[in-house]
Amino acid sequence: MKNILELKEVSFSTQNIQIIQGINLGFEEGKTTALAGPSGCGKSTLLKLSAGLIIPTGGEALYRGKNIGGMNRAQNLEFRKESAFVFQDSALWANQTLLQSLELPLRIHFPRMTKTERQKRIEEVMNTVGYKRSLAIRPSSLSMGEQKLIAFGRSMLCSPSLLFLDEWTESLDDHAAQRLITLVKQQKLRNNTIVFVSHNLHIIRELADHVITLAEGRTYTRLTSEQIKSDRELVELLEKDKIE
Ligand SMILES: Nc1ncnc2c1ncn2[C@@H]1O[C@H](COP(=O)(O)OP(=O)(O)OP(=O)(O)O)[C@@H](O)[C@H]1O
Ligand SMILES: [Mg+2]
């Protein structure tokens with residue numbers, strides 16, 4: 001299987017802190033990879049580096065063999081259209097209504113869409129994620145869980161083939177969380193590539209083809225789905241987090 005994404009000797013440091021150091025990794029096209037590891041070990045940073053949202057201070061992140069940091073505007077736009085990111089803190093625009101936030105990716109990537117078509121698409125996605133309240137309000141009026149629903153919905157709008165999900169079911173009740181897990185399963189069945197961060201062993205077992213466990217931005221272990229089912233190390237690691 002071909003790697004759609006590759007990290008080559010990727011390091012990231014900021015304010016004299018080395019967060020990620022010399023990571024080499026490949027993400028296979030059509031597969032689902034879970035990133036796990038203790039709090040603060042660099043999972044979110046590694047996910048953002050893989051998605052090209054931050055550029056490595058050493059090494060390179062490659063998408064289909066192209067250095068993401070060296071892409072021109074058109075290539076970057078194409079990559080953005082194909083990929084979607086759900087941030088750990090949802091990252092909705094604080095000074096925009098939910099509708100404005102949700103319209104933005106459609107305006108950028110489908111400039112010929114009419115307002116009615118955009119609204120229809122947004123409604124369709126909101127129904128799938130199970131968000132039923134108004135879209136005329138701002139994110140500060142929402143619970144953390146509702147923000148997660150909107151953030152997940154936003155990621156689905158442009159039908160991406162590459163999904164980055166950072167603890168996307170945190171703060172949700174079991175029913176809503178299961179709904180979003182099912183939606184990710186559907187993405188998996190469409191052979192989309194998914195990279196997600198989770199501490200939750202059940203979610204990892206349900207979705208992941210591979211698991212990568214990080215420790216202090218440096219060392220990592222790669223496990224296959226067969227190993228995930230029986231690997232004591234992963235279970236112990238997640239239990240140590242006391243989040244499971
Ligand atoms: N922009 C930044 N400036 C300074 N330090 C940062 C920055 N981003 C991340 N860090 C630090 O890098 C480390 C890794 O952060 P990161 O958010 O990637 O961890 P994580 O594994 O996702 O943690 P969690 O499980 O709590 O979400 C942390 O110690 C964090 O404080
Ligand atoms: Mg994180």
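Computed over heavy atoms, backbone and side chain alike; hydrogens, waters and symmetry mates excluded. Atoms within each ligand, like the ligands themselves, are counted from 1 in listed order.
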Query - L46 side chain reached by L25 side chain, heavy atoms, under 4.5 Å - result: yes
Query - Sub-4.0 Å atoms of ligand 1 with respect to non-hydrogen atoms of T14 - result: 2 (C), 3 (N), 4 (C)
Query raised in the report: Which residue from L49, I19, L214, L46 reaches closest to atom 11 (C) of ligand 1 through any of its heavy atoms?
Result: I19
Query raised in the report: Passes side chain to side chain contact (heavy atoms under 4.5 Å, CB included), L135 versus M126? Steps please.
Result: CA-CA 10 Å; L135 290 176; M126 288 301 111; 4.2 Å; yes
Report task. Could you please spell out the steps behind the side chain to side chain contact (heavy atoms under 4.5 Å, CB included) verdict for L47 and L53? Result -> CA-CA 9 Å; L47 195 70; L53 295 181; over 6 Å; no
Requested in this report: Apply side chain to side chain contact (heavy atoms under 4.5 Å, CB included) to the pair V184 and M156, showing each step before the final yes or no.
Outcome: CA-CA 10 Å; V184 173; M156 292 287 113; over 6 Å; no
Report task. Go through the steps for L142 and Y131 under the test side chain to side chain contact (heavy atoms under 4.5 Å, CB included), then give the verdict. Result -> CA-CA 11 Å; L142 298 182; Y131 178 80; 3.5 Å; yes
Report task. Run through S161, P160, S159 and flag the one making a side chain to side chain contact (heavy atoms under 4.5 Å, CB included) with N192. Result -> S161
Query raised in the report: Any chance CG of D173 has more than 12 other-residue heavy atoms, nucleotides or ligands included, within less than 6.0 Å?
Result: yes
Requested in this report: Return a yes/no value for G40: is any of its N or O atoms, backbone included, closer than 3.5 angstrom to an N or O of ligand 1?
Outcome: yes
Query raised in the report: Closest non-hydrogen protein atom to atom 17 (O) of ligand 1, residue and atom name please, with distance?
Result: S44 CB, 3.7 Å
Requested in this report: Pull out every atom of ligand 1 sitting under 4.0 Å from any heavy atom of T45, numbered as shown with elements.
Outcome: 15 (O), 16 (P), 18 (O)
Report task. Would you check whether H199 reaches within less than 4.0 Å of ligand 1, judged by its heavy atoms? Result -> yes
Report summary line: In this structure, NZ of K48 is separated from CD1 of I20 (nearest 0.5 Å) by 11.0 Å
**Report entry** Distance under 6.0 Å and angle within 45° of ring axis: K81 vs F110
**Finding:** yes
Query raised in the report: Does the protein place any heavy atom closer than 4.0 Å to atom 30 (C) of ligand 1?
Result: no
Query raised in the report: Any salt bridge between E29 and R64, counting N to O under 4.0 Å?
Result: yes
Requested in this report: Indicate the ring-plane relationship of F196 and W168, choosing parallel, tilted or perpendicular according to the 30° and 60° boundaries.
Outcome: perpendicular
**Report entry** Under 4.0 Å to a heavy atom of G42 - the qualifying atoms of ligand 1, by number
**Finding:** 14 (C), 16 (P), 18 (O), 19 (O), 20 (P), 21 (O)
Requested in this report: Kindly identify the option in Q88, E170, Q15 whose heavy atom sits closest to atom 27 (O) of ligand 1.
Outcome: Q88
Query raised in the report: Can you count the protein N, O or S atoms that lie less than 2.8 Å from the Mg ion (ligand 2)?
Result: 2
Report summary line: For atom 25 (O) of ligand 1, the closest protein heavy atom turns out to be K43 NZ, 2.7 Å
